[in-house]
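Below you'll find the structure, written out as structure tokens, and then a few comments.
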Amino acid sequence: MSLADPTASADDLIKDGSDAGFMADVIAQSKIQPVIVDFWATWCGPCRTLTPALEKQVRAAAGAVKLVKIDVDKNPAYAGQLRVQSIPTVYAFVDGQPVDGFQGAVPESQIKAFIEKLSGGPAVNTDVEQLLALGEESLGLDDLGGAAQAFAHVLTMEPENETAIAGMARVYLAGDDVEQARQTLAMAPADSKNAAVISLRAQMALASAAPTGEAAALEARVRADPSDHQARYDLSLVQAAAGDLQGAVTSLLDIVQADREWNDQAARKQLLVVFEAAGLSSDIAKDGRRRLSSILFA
């Protein structure tokens, strides 16, 4: 399966500028599309807040505008010509002329409005939440190409968007490319708190832990000997790997109810992994935690 490169063309929108390149990067380029110039300095505290917000919104505009960042300490000429009195100062250029601007670290909503005004309105179909929703919908319809395109588009705007990373990993997983799914998911921080990342990591852990064997054979062993907790535990792993998370929860709860200390509380620990795979706010997890509590505190 051929997927789009999630990082393609993102760097074309944002550039470190200089006095020497100002005419080409700003004046000439602004005759093609609006160019935002961010005058900043390394010692400027507010610049460390404004510049990342500017970059985020420029990426979100998906090519409607470009951003040129100029360090005024290294490149004072055009800052002086434009009478930059304090930093950060932002100018917007259109057709070779400055047409708008602001000073200071303004709220991100104001930056977004500034860019929308400059580009003639919000870019169509580039809203991150809309693209993520489109990716989810496409996955639900088994449209892996459409899902990949949506998640990749998000990653061009927000390369560290963990929901999009998880979405792209799910696309690979649905295409039976488990190794690529693992590599993609590894782009998210190891200590990620993102629900989609946590859920997918748990799902993949469950799949890799599943023993060889048929569910029917394990069910037969459990029926023959209800106290065979290992068979019931193995059955829960097979159920989870097959996507039957509700069945896995029931099997594990049956073990906890019969012997909560079995195998160093293995069933109880595995329940937590299944809850993560289902999603901690899912009905399966909520119902499972309620049933677990009723067993432990009966």
Side-chain angles (χ1 to χ4, degrees), residues 6-132 134 150 152-161 164:
T7 60
S9 76
D11 293 339
D12 294 342
L13 302 176
I14 300 170
K15 184 174 185 177
D16 288 316
S18 65
D19 284 339
F22 195 90
M23 290 300 296
D25 296 336
V26 178
I27 303 303
Q29 186 63 41
S30 71
K31 295 179 181 180
I32 301 172
Q33 68 186 130
V35 176
I36 296 171
V37 182
D38 174 21
F39 291 101
W40 68 285
T42 56
W43 48 264
C44 168
C47 297
R48 289 193 289 270
T49 300
L50 178 67
T51 299
L54 269 171
E55 292 176 348
K56 176 181 176 181
Q57 291 303 321
V58 166
R59 289 191 181 98
V65 298
K66 287 193 173 184
L67 173 65
V68 176
K69 301 179 293 181
I70 295 183
D71 183 340
V72 297
D73 287 340
K74 296 179 180 177
N75 303 279
Y78 281 95
Q81 287 186 30
L82 291 165
R83 297 181 181 179
V84 173
Q85 301 294 320
S86 64
I87 52 174
T89 289
V90 172
Y91 278 106
F93 282 75
V94 175
D95 292 328
Q97 299 294 325
V99 296
D100 201 355
F102 61 84
Q103 292 182 338
V106 302
E108 194 165 319
S109 59
Q110 186 173 330
I111 296 172
K112 182 178 181 181
F114 178 78
I115 291 175
E116 288 180 355
K117 178 183 176 183
L118 187 63
S119 61
V124 178
N125 293 327
T126 58
D127 179 79
V128 167
E129 294 303 321
Q130 289 180 351
L131 286 167
L132 291 174
L134 177 61
H153 195 164
V154 173
L155 290 171
T156 64
M157 296 185 287
E158 299 181 5
E160 297 180 357
N161 188 298

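Not measured: the values here are computed from a predicted model.
Residues Ala41 and Asp73 share a closest heavy-atom pair of CB-OD2, 3.8 Å. Looking at every heavy atom in both residues, Pro88 comes nearest to Ala105 through CG-N, 4.1 Å. The nearest pair of heavy atoms linking Ile115 to Ala61 is CG2-CB, 4.0 Å. The two residues Gly63 and Leu13 make their nearest non-hydrogen contact at CA-CD2, 3.6 Å. Here the shortest heavy-atom pairing between Ile70 and Ser18 reads CG1-N, 4.3 Å. The two atoms that bring Leu131 and Ala150 nearest to each other are O-CB, 3.5 Å, heavy atoms only.
Within the model, atoms CG of Leu82 and OG1 of Thr89 stand 9.5 Å from one another, a figure rounded to the nearest 0.5 Å. Taken to the nearest 0.5 Å, the CG atom of Leu50 stands 10.0 Å off from the CD atom of Glu108. Taking CD1 of Ile32 as the start and CG of Asp95 as the end, the distance is 11.0 Å to the nearest 0.5 Å. Note that CD of Glu158 is 11.0 Å distant from NE2 of His153, once rounded to the nearest 0.5 Å. Taken to the nearest 0.5 Å, the CG atom of Asp38 stands 15.5 Å off from the NZ atom of Lys15. Separation of atoms CD (Gln110) and NZ (Lys112) is listed at 14.0 Å; rounding is to 0.5 Å.
Atom NZ of Lys69 has more than 12 heavy atoms from other residues, nucleotides or ligands within 6.0 Å. Around atom CD of Glu160, no more than 12 heavy atoms belonging to other residues, nucleotides or ligands sit under 6.0 Å away.
Checked by atom type and distance alone, the side chain of Ser30 pairs as donor or acceptor with a backbone atom of Ile27 at under 3.5 Å.
The list of ring pair (Phe, Tyr, Trp, His ring centres under 6.0 Å) pairs with a residue in residues 29-65, not counting sequence neighbours, is empty. For the ring pair (Phe, Tyr, Trp, His ring centres under 6.0 Å) condition, the pairs that include at least one residue of residues 74-112, sequence neighbours left out, are Phe22-Tyr78, Phe22-Phe93, Phe102-Phe114. Sequence neighbours left out, the pairs with a member in residues 37-110 that pass disulfide bond (SG atoms under 2.5 Å apart) are Cys44-Cys47.
No side-chain heavy atom of Val37 sits less than 4.5 Å from a side-chain heavy atom of Asp25. In this structure the side chain of Arg59 reaches within 4.5 angstrom of the side chain of Ile14, judged on heavy atoms.
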- Task: Start with the C-alpha gap between Val99 and Leu118, add the side-chain angles, then the distance that decides, and say whether side chain to side chain contact (heavy atoms under 4.5 Å, CB included) holds.
- Result: CA-CA 9 Å; Val99 296; Leu118 187 63; 4.0 Å; yes

